Amino acid sequence: MVLVINQVITGLMLGIMYALIASGFSLLFGVLNVVQFAHADVCFLGAFVSMAVMTFLSKIEFFPTWLVIFFTIIFAVIITGIIGTIIEKICVKPFRKSPGLIILLSTVAVGFIIREGIKIFYPSGASPKFFPLSFPQWAFSMGGVTIRFSNIMIIIIAGIIYFLLSLFINKTKIGLQIRATSQNVEAAQVLGIDLDKIFMITFFLASTIGAVAGILNGMYYNIVKFDMGLMGGIIGFSAAVMGGLGNIYGAIIGGLILGIVESFTMAFVPGGSPYKEIFAFIVVVLFLLFKPSGILGKKVIEKV
Amino acid sequence: MDNPDTRSNYSQRLYKKIGYFLIIIVTEVIIFYMFINFLSLKGIDYKLFLFVLPIIAFFVLQRYQKIINFVKESHSQCNSFSIIFMILLLIFIPFLFKDNPYLLHICIMCGLYLITALGLNIQLGSTGMVNFAFAAFFGVGAYTSALLAVNFHFSFWLGILAAIIISALFGLLIGSLTLKSTGFYYALVTMAFQIIFHLLVNNLRFTGGSGGISNIPFPTIGKYSFSSSLNIFGINLPYQANYYYLVLAIALFSLYLAKRLYNSRTGLVWNAIREDEIAAKCQGISVNKGKLEASAIGAIFGGMAGAIYAHYISFISPESFTFHFSVVLICIVILGGLDNILGVAIGAVLLTVIPEKIRFFAEARMLFYGIIIIAVLIFKPQGLVPERIRKYNFLNFKKDSI
Amino acid sequence: MSAYRKRLDLWKGDGKLHQMEILKIEKVGINFGGLVALKGINFFVKEGEIVGLIGPNGSGKTTFFNLITGIYQPTSGNMFFNGEKITGLSPCEINERGIARTFQNTRLFWSLSTLDNVLLGMHRWESYSWFVSMFGRNYTEKKLRENIEESITLLNYFSKELVDKMYQKVKDLSQADKKRVEICRALASRPKLLLLDEPSAGMNPEETTELMDDIRKIKIKKPDLNIILIEHDMRVIKGSTQRVIVFNHGIKIFDGTFEKASNNKEVIEAYLGGEI
Amino acid sequence: MKSIFKNKIYLVLVFSLILAFVLCQTNLVWADAKKVVKIGFIDPLTGPTAAIGIGAKNSAELAVQQANASGEFTYEIQLVAEDDASDPATGVAAALKLCSDSDVVAVISHFNSPVALATVHTFHRFGVAQIMPSSIHPDVTRGNDYKEVSRICADNIAEHNFGVDLVVDKLGYKKWSSIYDTSSYGDNCNNNFKKILEERGGVLLSEDGISVGTKDFRPILNKIKELKPEAIYFGGLTTEAALCKRQMHELGMDDIVFFGVTGLDSETFNEIAGPTAEGTIIVGKLALGEDSDFVKAYKAAGFSEPYEATGPYAYDAIGIILEALKKVGPDRKAIVDYIADPDFEYHGVIGLTKLDEDGQSVTGGLTLKVSRNGKWVPWSE
């Protein structure tokens, strides 16, 4: 039993990482009706950006450490958001009118460019990078169940992010416009909503959430590598699909399910740990076969 | 055609025909010569002129449509001659490269990529299914024939047959699991399959794990082994020449089959599915059948190429069948031109040769592919050779029938 | 094949009744989620008829077509075509039984040529297999040649110009030509029942007149073809249909001749503000 | 037809073609001042293990630079570095490319065993001497009877024998759990370790394969914790091992000994694992002191990347070839014969290199190391 609870905790952490990535996918899909396959790469780019910023700030030796960490996170998140909007400008906007296939391919290609770009241009980017930030190592245990400070912090941070996100979407004017656009693009356009602006803001928003996900990932696992975005993207997208593409709460549920499936596979299936992704994907394929609209997604009636 | 009996007409046609032949010979020799020199290029040297000049000439000629049209006309009028002449030139390649097996190796890889890309083109180009699992199809073929050859001592020829069957079944499996998923969902499922395939062959015992399968036997015909050097007219060709001719034959046959499929109802149905599934259904087209066919036939091409690859390299490991390879194949099809067989051929040759030539820049190979995809999508979404309208003039139907 | 045989049997067995009613709809309804789109539609088409289907926007006309062609499945009721139950069949199977349609916002195979579009329409008569396509060159080409000749004949029904444009991408055709090609494609499957969904949408008055001529021409060439026509242009309805059905809010409110319809109080109310 | 010939542009085309032809046929040789002898080098310069490949390449380059500077050779020696991207097919292509170049007299190659397994046939076919400084799979040298192929580092079996001597026989840890990555390297490690451990009377409580790139070991470690082993064996590479060790600390498993072989031998391990690395025991490649000639020279040469564990081996591999060049001259066959000679011996950075009849080094320079204060320190009793 203790083992199960411990596994649930580790699965939950993994699940939150997936959920954060999946939320970006869902947000982008909801508003733009496109899948940004490079989204997970943007997330891990966030981690790399924060590493670069941190190196830069520590070199200046002007700020105290806690301020360096604070600035690092703020800058990294903003820079990643800007990179997200640049991607939108170059690789999504020109193809908005083309068939979905084109955007799909172009974003996959962007993913490649980001990944390989980090590998080539980041100093010795090919090897795994030790992430300089990490949570304090406090922990308390109750009858074998260990709960660490990092676990609690991750849950709190994820909660704050989702709270802020829902506040932004539900309470602000831009949030209202985003919701309108996700309901019906044409109608939104008729109502005088500046689509370009909305798309840009959405990309910025999704990328910033992604950056936080990337940084949390780095802090929790202590390592980032240029090609983590590949698997992260596929699993993140799977989680979004499972939850119902376009629904952020669905993305959370999907992410948590996949995280727990993976950690349980590693622990309880004999010799199963190399196959953990396979189990996750089997869950996804089953979902696509029997409930293509996902857990919380609405069934789309195709207009003929 | 209308008035064939006058003598002057006859001689005029003869001259015209000779003109066509000359043009065909000249253009094909130029292309061939460029290709050969590009292959043997070492770094940046004077031979680059050879590319710059004809390419400039080509762009200048663009302004003189008459010449272009005449060249096009001669190729379409004397279609079979132009194909036969090209084949003759291709047969000649091993003699040119007999001291340099590496270049021959590149040519073989061109052929294999071409066959594989033709298979992908059926799915991506004709049917509009963005398949990210094509490396897995390739891998299934390679693993099937390799495992049969190593464990059960199947001959290469039986192995390739088995590879075709198994990869077709694999294609059907993936096809039937993805029937309901379109667009992004299809892409996702195929990505998942690609990764599942890689994880499976990487971890299962019988596939040799990540160590792969080594010492895959060479194909033999009777007592003649493909690993011995080929002797034609007293000229000793390196052992790669055997594979070269094998791959050439199969690639040509694949091109022929792809062309037949394209020009038949099967190809039309695939296009209909790509354009509009609902309209296709309402015309009585079975979308599911079409998709399954595309999956299976595409997989056959991939599996066939994979089987040859396994026996040629004589070693396979999961590393050769990753997501990256799938993206390279997609890049080939997009660069060449979706649903255009000539385009795919050009794309395959270019994207095999160029990365070999920029090996010193090898670290950026995947970056290069990514940039190519984006650049092509932005600047030339149709690819190098755009998709063409099917013309059925060769069928000689009556146009005025009412 | 068995379906075809069954159909023949039906014809033999009790031909008279079914000869009268080629399409019969019984209490068909559909709702999307909570929204009732169509409710309790009863309806029939007799052999050789052209029926107009009118009604204000959102009254469920196109949904009705989607039901007949199997794109949506009805939540209640039954549909019979040629005496055979077609409820629950897939669009593809329904087309095989002889129903073809056009779409409100033209749905052609955009990047294919006119000829290819019509060739694809012919699909239900052509048995094809990938194996024959690959290896049976002579057979494929013979079949293709026959099909092309038939397509040209079809295109010629409309105009000679369409034949000249047969190697053009349909994307590049004029709006009227697109509609024509779509009708051609539907006709190519040699249907018993043709469903035309606003064929005059996006056409100017002259083109609309031409369209009416075209429909008449088709009717002359193929006398046993039945047509259901959704239209907003009352001239077309008046000029080419024998009977009019009126939908409003997903309910059938009228069934009769056009003259009667134009005097019916309920119909006028439904169209309040619109000319009739 | 006629109008075509009237066009000036046609003349331009013909002219350009003729020019191209002429240019191509004329032998425009920009003569080389000095004869060049090339030594091939193939390693992963890209991909997951690029760091190691680059370290080895730098070291090889250093050796070549020193040779050229020494003035002992009448010709210039060049290092031709090719990338195999850890991919066998790419490796074969690179090998073919080098073998086809008649100036290449010998090749140093391959960190990844799968690639090495794939290319040995090529080198054999062309009769080019291949010296492997770093691959580890026993079959590379022992699988075929190719005299062209030789390896100057210890193979996997030797490493495990060496390590198990200490941890099982001397320190007396009998209850083990094994975590290994499912690459061919990890798989081999696990198999060899298991075999040797059982020969010496140890028990393996659990075996867990993980894929390369795994970053969360907590599920497995949670499970292993329940089994209460005395020690954990890790068959894999640095990054995963370091993460595993780090997470062991988080789960309060500091009392369990962590043991690995040469795959872990990189300072990256200590960097990632941080203070938690303390006490890890590994069988390492030879440890060079900061004051050794090689390290000094490497630093002086100003390479930005560390030389990694394989650097000295690559340096020595080049050294062997240079030695052969001095003795028998730049001839492929003569070099092969020179290295395959049973009396062949070479004293280099890694100490004495002596090859058995398979071309496998019998010495190989192994050292036991333990992590102390964020550094690998040679084990002392």
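The structure presented is a predicted model; accordingly, all values stated were derived computationally and were not measured. Each chain gets a letter, A, B and so on, in the order the sequences are listed, and its residues count up from 1.
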Need one label for [X]: side chain, backbone, both or neither, based on atoms under 4.5 Å from any heavy atom in chain C.
X	answer
Val287(B)	neither
Phe253(B)	side chain
Ala296(B)	neither
Lys289(B)	side chain
Ile285(B)	both
Leu268(B)	both

Is there a donor-acceptor contact under 3.5 Å linking the side chains of Tyr392(B) and Asp116(C)?
yes
Nearest heavy-atom pair of Ser264(B) and Thr140(C): which atoms, and what distance?
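Between these two residues, the closest heavy atoms are CB-CG2, 3.6 Å.
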What is the minimum heavy-atom distance between Cys282(B) and Asn95(C), and which atoms define it?
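Closest approach of Cys282(B) to Asn95(C), heavy atoms only: O-ND2, 2.8 Å.
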Would you say Glu96(C)'s side chain and Gly284(B)'s backbone share a donor-acceptor pair under 3.5 angstrom?
no
Side-chain (Arg265(B)) to main-chain (Leu119(C)) donor-acceptor, under 3.5 angstrom:
yes
Can you tell me which of [options] forms the most heavy-atom pairs within a distance under 4.5 Å of chain C?
options	result
Ala280(B), Ala272(B), Ser286(B)	Ala272(B)
Gly267(B), Ala258(B), Ala279(B)	Ala279(B)
Arg390(B), Arg274(B), Glu387(B)	Arg390(B)

Taking the side chain as every heavy atom from C-beta outward, state whether Phe109(C) and Asn271(B) have any pair of such atoms under 4.5 Å apart.
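Side chain of Phe109(C) against side chain of Asn271(B), heavy atoms only: no contact under 4.5 Å found.
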